[in-house]
Asks: 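To start, I am sharing the structure in question, which I have written as structure tokens.
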Amino acid sequence: MIWCGCDRVVRRAEELAGRRWGLLAHHASVTEDLRPLHLALAGTVAGAPRVLFSPEHGYWSVEQDMVPSDDAVDPWTGAPIRSLYGDGEESLRPRADAFADLDLLLIDLQDVGARYYTYAATAVWAAEVALAAGVEVWVLDRPNPLGGSLVEGPGVEPAMYSFVGAFDLPVRHGLTLGELVRLEAKRRAWDADGLRVWTVAGWKRTHTWQATGRPWLAPSPNMPSPQTAEIYPGGCLFEATTLSEGRGTTRPFQLVGAPSIEPRALADHLTARRLPGVVFLPTYFKPQFQKHALEVCAGVEIVVTDRHTFRPLRCGVELLRALLELFPESFRWRQEPYEFVSDRPAIDLLTGSSALRRALEASSTEALETWLRSWRDAEQAFRSERRSILLYE
């Protein structure tokens, strides 16, 4: 049986008695009996929260990507909800006065184990500001749905730091949110006496989501299943293109395509690459919103057949390469601002450097293979660095 940090806190709610506490959480922040955490605690000696904080997508995870969420009021406790995803980059970090009425901040966010997923940045930045303001921080840990053993991908060059690449991590980092906060606390030399991680009882690094026995609740609108999370480290790369990544369908990130692509040729090309643990199914789909809304798109559905051998980032890179080789007239990099950044291409922010984009634009197999080989050193260095902050077997 898996007990998340929030479950353990509810059972020891007396530790919150008399505390002025706030909570950074979202729709998936529920207890083992599927109660929203702030309501579960409000029914104990802890009482109601003084304030709730919401990450990207809002407290109830209803907003689409890159849509600002407003401050609001919780309809059940009357607590104010303060948005940490507004109209500008400055909204992503809370001001110190946001914690003026608190002596304790709880953080309970379901992450998906990929560097781009913005909840980790929100958690770290909120913890940093709160601790500097003299507020204690408890991170209520949750499982990494991709497991904690495998890491994949390069780190982030300093020039590419952004909301989708806030930390120098592999794309698939294998950390829980509590471990990630501990890592950044060490890197940034925080005075972390006030930082406490409530660990997940019963979770091991080899466990993927399916081993937890817990129901999946979408932590964001386009993360409807653990299968989506498995593909996301590679599927998210298509946010940096004019191709649809399946948003506006029931299978976001599992579908990739555009109106002018020949799906069988794409699927056959990818199948010939013999990538482990995955099948590419030629398909058609019609997004109901976002890119190519209400147009029939052709492309592939990414079907994971073995999650233990599947490498999602490599899959995404090979799909980008195939589309540029076969359908260059249908392929463009995103030109619009991406997560408040307009001076660097979105693909560079996601991959952590310009290496992939330059190799693909030059059709240089040698440059691309050199970049892919560079992952090994980055992955090994990260494995060594993270050993001191790991919390689970």
Asks: Shared ILVMFWY cluster between V129 and V135, side chains joined below 4.5 angstrom?
Replies: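 The answer is yes; both residues are in one hydrophobic cluster.
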
Asks: Is the backbone N or O of C6 less than 3.5 Å from a side-chain atom of R142, with the two atoms forming a donor-acceptor pair by type?
Replies: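 Here the side-chain-to-backbone pair does not exist.
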
Asks: Tell me whether L52 is reachable from L106 by hopping between hydrophobic residues (I, L, V, M, F, W, Y) whose side-chain heavy atoms are closer than 4.5 Å.
Replies: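 Yes; L52 is reachable from L106 via cluster members.
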
Asks: Quick one: closest heavy-atom pair of E56 and F163, and the distance?
Replies: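 Closest heavy-atom pair between E56 and F163: OE1-CE2, 4.0 Å.
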
Asks: Kindly give the heavy-atom pair with the smallest separation between G165 and V156, and that separation in Å.
Replies: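 Reported closest heavy-atom pair: O-CG1, 3.9 Å.
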
Asks: Quick one: closest heavy-atom pair of S244 and P287, and the distance?
Replies: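 That would be OG-CG, 3.8 Å.
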
Asks: Does a donor on one side chain sit under 3.5 Å from an acceptor on the other, for S83 and S69?
Replies: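 Looking only at side-chain atoms, S69 and S83 do form a donor-acceptor pair, the distance falling under 3.5 Å.
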
Asks: Check whether K286 reaches the backbone of E295 with its side chain - one donor and one acceptor, N or O, closer than 3.5 Å.
Replies: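 Not at all, since once roles are kept as given, no pair shorter than 3.5 Å links the two residues.
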
Asks: Would you check if there is a donor-acceptor pair between the side chains of N144 and E179 at a distance under 3.5 Å?
Replies: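 Checked: E179/N144 side chains show no N/O donor-acceptor pair below 3.5 Å.
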
Asks: Donor-acceptor pair, distance only, cut-off 3.5 Å: does the side chain of R332 make one with the backbone of P328?
Replies: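 At least one qualifying donor-acceptor pair exists.
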
Asks: Does some side-chain heavy atom of Y119 sit less than 4.5 Å from a side-chain heavy atom of V124?
Replies: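 Of all side-chain heavy-atom pairs linking Y119 with V124, none is under 4.5 Å.
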
Asks: With a 4.5 Å limit on heavy-atom distance, are the side chains of F340 and P337 in contact?
Replies: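 Side-chain contact under 4.5 Å: no.
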
Asks: So which atom in A367 and which in A359 form the shortest heavy-atom distance, rounded to 0.1 Å?
Replies: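 A367 and A359 have their closest heavy atoms at CB-CB, 3.8 Å.
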
Asks: Does a donor on one side chain and an acceptor on the other come within less than 3.5 Å for T206 and S149?
Replies: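 No, S149 and T206 have no side-chain donor paired with an acceptor closer than 3.5 Å.
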
Asks: Counting N and O atoms only, with roles assigned by atom type, does the side chain of S330 sit under 3.5 Å from a partner on the main chain of I261, one being a donor and the other an acceptor?
Replies: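 No, S330 side chain to I261 backbone: no donor-acceptor pair under 3.5 Å.
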
Asks: Is it the case that the side chains of D65 and Q290 hold a donor-acceptor pair, with the cut-off being a distance below 3.5 Å and no angle test?
Replies: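 Result is yes, a qualifying pair exists.
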
Asks: Are H173 and F167 an aromatic pair by the rule of ring centers under 6.0 Å?
Replies: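 No: the rings miss the under 6.0 Å criterion.
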
Asks: Check whether the side chains of W333 and E361 place a donor and an acceptor atom closer than 3.5 Å, and report yes or no.
Replies: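 On atom types as modelled, these side chains qualify, holding a pair under 3.5 Å.
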
Asks: Look only at the side chain of R311 and the backbone of T309, and say whether a donor-acceptor pair between them is shorter than 3.5 Å.
Replies: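 Such a contact is found between R311 side chain and T309 backbone.
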
Asks: Mind checking whether Y117 and Y232 have ring centres under 6.0 Å apart?
Replies: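 When the ring centroids of Y117 and Y232 are compared, they turn out to be within the sub-6.0 Å range.
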
Asks: Judged by atom type as modelled, is there a donor-acceptor pair below 3.5 Å linking the side chain of R115 to the main-chain atoms of L350?
Replies: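 Yes; judged by distance alone, with no hydrogens or angles, the pair exists.
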
Asks: Looking at every heavy atom in both P282 and A267, which two are closest together, and how far apart are they?
Replies: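 The pair with the smallest heavy-atom distance is CD-CB, 3.7 Å.
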
Asks: Would W190 and E128 count as having a side-chain donor-acceptor pair, cut-off 3.5 Å?
Replies: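 Yes, side-chain donor-acceptor contact under 3.5 Å.
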
Asks: How far apart are the closest heavy atoms of S61 and P221, and which atoms are they?
Replies: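 Closest pair (atom of S61, atom of P221, distance): O-CG, 3.4 Å.
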
Asks: Looking at I347, is its backbone amide N or carbonyl O close enough to the side chain of T351 to form a donor-acceptor pair, meaning the two atoms are under 3.5 Å apart?
Replies: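 Between the backbone of I347 and the side chain of T351 there is a qualifying donor-acceptor contact (under 3.5 Å).
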
Asks: Just by distance, with hydrogens left out, do Y338 and D348 show a side-chain donor and acceptor under 3.5 Å apart?
Replies: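 Not at all, the side chains of Y338 and D348 share no donor-acceptor pair under 3.5 Å.
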
Asks: Taking side-chain hydrogen bond (donor to acceptor under 3.5 Å, both in side chains) as the criterion, tell me which of D74, D108, T77 meets it with H38.
Replies: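 Answer to the side-chain hydrogen bond (donor to acceptor under 3.5 Å, both in side chains) test with H38 among D74, D108, T77: D74.
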
Asks: Going by atom types alone, do K186 and S388 pair a side-chain donor with an acceptor below 3.5 Å?
Replies: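 K186 vs S388: donor-acceptor pair found between side chains.
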
Asks: Passes side chain to side chain contact (heavy atoms under 4.5 Å, CB included), R172 versus L313? Steps please.
Replies: CA-CA 8 Å; R172 180 177 177 176; L313 181 59; over 6 Å; no

Asks: Please determine whether residues W198 and L177 belong to a single hydrophobic cluster, defined as Ile, Leu, Val, Met, Phe, Trp and Tyr linked transitively by side-chain heavy-atom distances below 4.5 Å.
Replies: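 Per the 4.5 Å side-chain linkage, W198 and L177 are not co-clustered.
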
Asks: Is the closest basic N to carboxylate O distance between E379 and R376 below 4.0 Å?
Replies: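 Here E379 does not pair with R376 in a salt bridge, since their nearest N and O are not under 4.0 Å apart.
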
Asks: For the pair H27 and Y59, evaluate ring pair (Phe, Tyr, Trp, His ring centres under 6.0 Å) and give the outcome as yes or no after the intermediate values.
Replies: CA-CA 6 Å; H27 168 68; Y59 197 83; 9.8 Å; no

Asks: Indicate yes or no: does D7 engage R214 in a salt bridge with an N to O separation below 4.0 Å.
Replies: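 Looking at R214 together with D7, the answer is yes, because their closest N to O distance falls below 4.0 Å.
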
Asks: Indicate yes or no for a side-chain donor-acceptor contact from H26 to the backbone of Q110 under 3.5 Å, with no hydrogens or angles considered.
Replies: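 Answer holds: yes.
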
Asks: Nearest 0.5 Å, please: how far is CZ in R334 from OG1 in T241?
Replies: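 Those atoms lie 9.5 Å apart.
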
Asks: In sequence, state the C-alpha distance, the side-chain angles, and the governing distance for E152 and W375, and then conclude on side chain to side chain contact (heavy atoms under 4.5 Å, CB included).
Replies: CA-CA 7 Å; E152 184 188 13; W375 295 6; 3.8 Å; yes

Asks: Is there a donor in the side chain of R8 and an acceptor in the side chain of T199, or the other way round, less than 3.5 Å apart?
Replies: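 Result is yes, a qualifying pair exists.
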
Asks: Looking at W60 versus W76, is the centre-to-centre ring distance below 6.0 Å?
Replies: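 That pair passes the under 6.0 Å test.
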
Asks: So for atom CG, which belongs to D87, do other residues, nucleotides or ligands contribute more than 12 heavy atoms lying within a distance under 6.0 Å?
Replies: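 Atom CG in D87 is not crowded, with 12 or fewer foreign heavy atoms closer than 6.0 Å.
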
Asks: If we only count heavy atoms from C-beta on, is the S384 to Q380 side-chain gap below 4.5 Å?
Replies: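 Result yes, sub-4.5 Å side-chain heavy-atom pair found.
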
Asks: Does a side-chain heavy-atom distance below 4.5 Å link R182 with L391?
Replies: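 Result yes, sub-4.5 Å side-chain heavy-atom pair found.
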
Asks: So do the side chains of Q288 and L294 get within less than 4.5 Å of each other, counting heavy atoms only?
Replies: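 Answer yes - side chains close enough.
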
Asks: Decide yes or no on side chain to side chain contact (heavy atoms under 4.5 Å, CB included) for T228 and Q254, but give the supporting numbers first.
Replies: CA-CA 7 Å; T228 311; Q254 296 171 251; 3.4 Å; yes

Asks: Side-chain donor-acceptor pair under 3.5 Å between T283 and E301, yes or no?
Replies: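 Their side chains do not contain a donor-acceptor pair, so the 3.5 Å distance test is not met.
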
Asks: Can you check whether T365 reaches E369 side chain to side chain, under 4.5 Å on heavy atoms?
Replies: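 T365 vs E369: side chains touch.
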
Asks: Quick one, R247 with E239, criterion side chain to side chain contact (heavy atoms under 4.5 Å, CB included). Give me CA distance, side-chain angles, the key distance, then yes/no.
Replies: CA-CA 10 Å; R247 290 182 187 270; E239 290 186 5; 2.4 Å; yes

Asks: Please tell me if the side chains of R187 and D168 come closer than 4.5 Å, counting only heavy atoms from C-beta onward.
Replies: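 They are in side-chain contact.
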
Asks: Distance alone, cut at 3.5 Å: any donor-acceptor contact between the side chains of W138 and E136?
Replies: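 Their side chains do contain a donor-acceptor pair, which is all the 3.5 Å distance test asks for.
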
Asks: Can you tell me if S354 and R357 form a side-chain donor-acceptor pair at under 3.5 Å?
Replies: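 S354 vs R357: no donor-acceptor pair found between side chains.
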
Asks: Given the rule in the side chain to side chain donor-acceptor pair (under 3.5 Å) test, do N222 and Q64 qualify, once you have shown the distances and angles that lead to the verdict?
Replies: CA-CA 8 Å; N222 288 285; Q64 289 295 323; 2.8 Å; yes

Asks: Any side-chain to backbone donor/acceptor pair from R20 onto D101? Under 3.5 Å, distance only.
Replies: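 Looks like yes, one N/O pair under 3.5 Å.
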
Asks: Ignoring hydrogens and angles, state whether a donor on the side chain of S364 or E366 is under 3.5 Å from an acceptor on the partner side chain.
Replies: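 Absent: no donor and acceptor within the cut-off.
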
Asks: With a 4.0 Å cut-off, would you call R19 and D103 a salt bridge?
Replies: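 Judged by the 4.0 Å cut-off on N to carboxylate O distance, R19 and D103 do form a salt bridge.
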
Asks: Is it the case that one hydrophobic cluster holds both L146 and W209, taking links as side-chain heavy atoms less than 4.5 Å apart, direct or via other members?
Replies: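 Hydrophobic grouping puts L146 apart from W209.
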
Asks: Check whether L360 and F327 end up in the same hydrophobic cluster, where Ile, Leu, Val, Met, Phe, Trp and Tyr are linked by side-chain heavy atoms less than 4.5 Å apart.
Replies: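 In one cluster: yes.
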
Asks: Would you call R205 and E393 a salt bridge, taking side-chain N to carboxylate O under 4.0 Å as the test?
Replies: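 The answer is no: the pair does not qualify as a salt bridge.
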
Asks: For the pair E262 (side chain) and R264 (backbone), establish whether a donor and an acceptor sit closer than 3.5 Å, ignoring hydrogens and angles.
Replies: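 At least one qualifying donor-acceptor pair exists.
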
Asks: Taking the six-membered ring for Trp and the single ring otherwise, decide whether the centroids of Y85 and F53 are under 6.0 Å apart.
Replies: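 Ring centres of F53 and Y85 not closer than 6.0 Å.
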
Asks: Less than 4.5 Å apart, side chain to side chain, heavy atoms only: is that true for P55 and L24?
Replies: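 P55 vs L24: side chains touch.
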
Asks: Using a strict threshold of under 4.0 Å (side-chain N to carboxylate O), is an ion pair present between E318 and R273?
Replies: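 Salt bridge flag = yes for E318 with R273.
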
